[in-house]
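Notes follow the structure.
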Amino acid sequence: MLERVDLLQIYYFMRLTRAMEDRTRTLFLQGKVVGGVYTAQGHEATTVGAAMSLRDGDCIVPQHRDLGMQLVRGTSPRAVMCQWLARGNSPTLGRDGQLHIGDMHHGIVPMISMLGESLPVACGVALAMKMRKRSTIVLASCGDGATNTGPFHEAMNFASVQKLPLVLVIENNGYAYSTPSHKQFNIQNLSERARAYGIPGETVDGNDVLAVIETVGKAVEHARSGKGPAIVECKTFRVRGHSEADKADYVPQDVREEWLKKDPINLFEAYLTREGILTTAKKAEIEANIKAVTDDAVRFAEQSPAPDPETVADYVFAPDGPIAIVGEPGAEDTRYVNALDRRTGQPFTTIRKTEEAIGRR
Ligand SMILES: Cc1ncc(C[n+]2csc(CCOP(=O)(O)OP(=O)(O)O)c2C)c(N)n1
């Protein structure tokens with residue numbers, strides 16, 4: 001049962017997410033954002049709602065539109081702004097200007113840019129949790145387009161066979177860039193795919209934050225209780241283009257208008273107002289708070305230095321280099337696994353034992 005304070009917290013995060021993105025677009029128009037800008041206006045009920053269903057110790061493996069999830073799980077607005085402005089102190093030290101950021105202290109695994117590729121990684125994290133007998137779970141997300149990749153199928157199949165504590169949230173916004181759903185797949189709901197893996201799958205209105213919390217919450221409970229993975233498809237709409245370089249004129253006007261009537265923040269705000277939870281004074285207080293947080297993040301990022309050009313090759317190569325390069329003095333013939341043993345200091349047999357522990361041998 002969500003308390004009043006939780007409901008206002010949800011509202012705060014939905015509005016903070018939108019405010020951060022709005023500011024970024026302004027910075028982009030001012031030429032201050034180094035890369036492209038990929039936003040998720042319209043996804044806030046899905047991203048914030050899904051993350052609100054988690055507990056401390058759980059992990060997220062988010063996608064490129066999951067600012068809401070990142071903020072709920074503890075990524076600071078300052079870190080996000082530094083990332084977008086590619087400052088030297090950003091989470092990727094200025095190497096990347098997108099939301100490909102993670103923070104293992106907060107259980108946030110950074111997104112991999114190749115669509116679908118984060119999902120096998122999510123399985124790995126969930127497998128580690130299972131082997132360590134933790135009661136935590138992994139919540140991964142991907143778009144509708146990403147569900148048509150090989151890694152998606154491999155990951156869901158593996159997760160099912162291994163009964164991993166994994167929940168996959170599919171953010172189905174009807175388009176993979178400009179490709180509409182009917183040109184991507186021949187089923188009504190992407191949650192139907194769950195049946196092929198022998199796991200539960202549900203579809204929910206991704207613009208209704210309370211419905212998202214309830215449905216994802218059920219899937220989380222399923223995964224946490226050791227019953228294995230589950231899929232939740234959240235149907236939503238990306239109001240802006242794939243990036244700010246995309247006018248999204250492939251979206252028919254009537255489709256856009258229908259979705260705009262269901263703006264997730266407006267819907268939730270109307271509900272909170274009707275219930276007497278969001279008063280005029282409370283709303284003003286939240287707006288002032290969001291403005292202060294966003295202003296602070298922008299100021300902090302603008303005052304932060306760009307990365308030092310001298311460090312451009314840092315983190316590209318392993319600090320102590322290869323063991324030996326074929327043909328060079330000191331190189332010897334060895335089996336690949338033995339070379340790996342030497343590098344990791346972990347003999348191959350340890351890997352076997354790990355597999356025995358999870359019942360694979
Ligand atoms: C394997 C792969 N193909 C293409 C791209 C380029 N790309 C990045 S996002 C995107 C659209 C993804 O659509 P979807 O998964 O539905 O997510 P959405 O952007 O709609 O949230 C594309 C084609 C990529 N990153 N990886």
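We number each residue from 1, following the sequence as shown. Indexing begins at 1, ligand by ligand and atom by atom, following the structure's order.
- Side chain to side chain, Q63 and E171 meet the donor-acceptor criterion of an N or O pair below 3.5 Å.
- Taking every non-hydrogen atom of A176 and a distance limit under 4.0 Å, the qualifying atoms of ligand 1 come out as 13 (O), 16 (O).
- If you check the side chains of E257 and Q253, you find a donor sitting under 3.5 Å from an acceptor.
- Closest to atom 25 (N) of ligand 1, if we only count protein heavy atoms, is S113 O, 3.0 Å.
- For atom 17 (O) of ligand 1, the nearest non-hydrogen atom from the set A146, G116, G143, P151 comes from G143.
- Atom 4 (C) of ligand 1 has as its closest protein heavy atom L115 CD1, 4.0 Å.
- Within the listing of ligand 1, atoms 18 (P), 20 (O), 21 (O) sit less than 4.0 angstrom from a heavy atom of N173.
- Within the 4.0 Å heavy-atom shell around ligand 1 one finds M114.
- Remark: minimum distance from atom 16 (O) of ligand 1 to any protein heavy atom is reached at G145 N, 2.8 Å.
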As a quick check of understanding, evaluate side-chain contact (heavy atoms from CB on, under 4.5 Å) for E269 and R15, giving each step before the final call. CA-CA 10 Å; E269 191 172 297; R15 292 217 36 188; 3.8 Å; yes
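- For the residue pair T39 and R65, no side-chain donor N or O sits within less than 3.5 Å of a side-chain acceptor on the partner.
- Inclusion of R238 in the set of residues having an N or O under 3.5 Å from an N or O of ligand 1 is not warranted.
- The shortest contact between atom 11 (C) of ligand 1 and any protein heavy atom is with Y177 N, 3.6 Å.
- Closest to atom 9 (S) of ligand 1 among all protein heavy atoms lies H242 CE1, 3.2 Å.
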V255 vs W259, test: side-chain contact (heavy atoms from CB on, under 4.5 Å). Steps then yes/no. CA-CA 6 Å; V255 173; W259 277 104; 3.9 Å; yes
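- Taking 4.0 Å as the cut-off, Q184 does not count as a neighbour of ligand 1 on heavy-atom distance.
- Between the side chains of T236 and N173, not a single donor N or O lies within less than 3.5 Å of an accepting N or O.
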Kindly determine whether L85 and T24 satisfy side-chain contact (heavy atoms from CB on, under 4.5 Å), including the steps that lead there. CA-CA 9 Å; L85 298 194; T24 307; over 6 Å; no
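- Atom 21 (O) of ligand 1 has as its closest protein heavy atom R65 NE, 2.9 Å.
- More than 12 heavy atoms of other residues, nucleotides or ligands lie within 6.0 Å of OH in Y177, so this atom counts as buried by the packing criterion.
- Proximity of Y175 to ligand 1, defined as any heavy-atom pair under 4.0 Å, is confined to the backbone N, CA, C and O atoms.
- The option with the heavy atom closest to atom 19 (O) of ligand 1, from among H64, E117, E171, Q63, is H64.
- Classified by interplanar angle (parallel below 30°, tilted 30° to 60°, perpendicular above 60°), the ring pair Y38/H242 is perpendicular.
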